[in-house]
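One structure below.
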Amino acid sequence: MAEIIITDENFEQEVLKADMPVLVDFWADWCGPCKMLAPIIEQIAAEQEGKIKVCKANVDDCMDTAAEYNVASIPTVLLFKNGEEADRSVGFKPKEAIEAMFA
């Protein structure tokens with residue numbers, strides 16, 4: 001399953017009401033480190049299918065949600081469990097560091 005695209009409108013349904021942990025990648029087209037992180041997020045989405053939900057939120061399209069969760073720099077990856085933020089990673093990190101968030 002590919003990553004789910006998050007908007008301000010579907011954030012609550014896709015992330016906060018999800019029945020499994022959700023990894024949300026806050027990114028933008030103009031962000032170099034975000035482009036470096038993208039294949040890692042895609043790989044995690046494929047490998048963890050059915051265990052965690054992986055979503056991508058373009059900060060230019062999700063300004064309200066990004067502001068609500070104090071996403072000040074990107075990439076920022078948030079892990080949600082039971083509708084609450086459980087962990088946060090800011091900046092480019094290797095795959096192992098992202099996986100450690102939900103291990």
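Scope of the values below: all heavy atoms of this structure, side chains included, with no hydrogens, waters or symmetry mates. Position 1 is the first residue of the sequence; numbering continues from there.
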Side-chain donor or acceptor of [X] paired with backbone N/O of [Y] under 3.5 Å:
| X | Y | value |
| --- | --- | --- |
| K35 | D29 | yes |
| K93 | V90 | yes |
| T65 | C62 | no |

Kindly indicate, with the supporting measurements, whether the criterion side-chain contact (heavy atoms from CB on, under 4.5 Å) is fulfilled by E12 and K17.
-> CA-CA 6 Å; E12 182 178 355; K17 294 185 176 176; 3.3 Å; yes

Measure the spacing between CE of M101 and CD of E96 and express it to the nearest 0.5 Å.
->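 Going from CE on M101 over to CD on E96, the span is 14.0 Å.
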
Salt-bridge present (K95, E47; N to O < 4.0 Å) |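 A salt bridge is present here (some side-chain N lies under 4.0 Å from a carboxylate O).
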
Looking at E84 and K81, does any basic side-chain N land under 4.0 Å from a carboxylate oxygen?
-> no

Stepwise side-chain contact (heavy atoms from CB on, under 4.5 Å) test for D60 and W27 | CA-CA 8 Å; D60 292 330; W27 68 286; over 6 Å; no

For F80, all residues meeting ring pair (Phe, Tyr, Trp, His ring centres under 6.0 Å), sequence neighbours excluded =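 Expected list: F11, Y69.
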
Side-chain contact test, heavy atoms from C-beta onward, threshold under 4.5 Å: evaluate it for [X] versus [Y] and give yes or no.
| X | Y | answer |
| --- | --- | --- |
| F26 | V77 | no |
| I52 | I44 | yes |
| I98 | L23 | yes |
| K56 | I6 | no |
| R88 | T76 | yes |
| T7 | D61 | no |
| I4 | K53 | yes |

With C55 as reference, evaluate V22, D25, N10 under the side chain to side chain contact (heavy atoms under 4.5 Å, CB included) test and give the passing residue.
->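 Checked V22, D25, N10 against C55; only one passes side chain to side chain contact (heavy atoms under 4.5 Å, CB included): V22.
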
W30 with V71, same ILVMFWY side-chain cluster at under 4.5 Å | yes

Group every Ile, Leu, Val, Met, Phe, Trp and Tyr by side-chain heavy-atom contacts under 4.5 Å, then state whether M36 and I40 land in the same group.
-> yes

What closest approach, in Å, do K51 and P21 show between heavy atoms, and which atom pair accounts for it?
-> O-CD, 3.6 Å

Listed once per pair and sorted, the disulfide bond (SG atoms under 2.5 Å apart) pairs that draw on residues 9-42, sequence neighbours left out |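 Every pair satisfying disulfide bond (SG atoms under 2.5 Å apart) with a residue in residues 9-42: C31-C34.
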
Show your working on side-chain contact (heavy atoms from CB on, under 4.5 Å) between V24 and V15 and close with a plain yes or no.
-> CA-CA 8 Å; V24 182; V15 178; 3.8 Å; yes

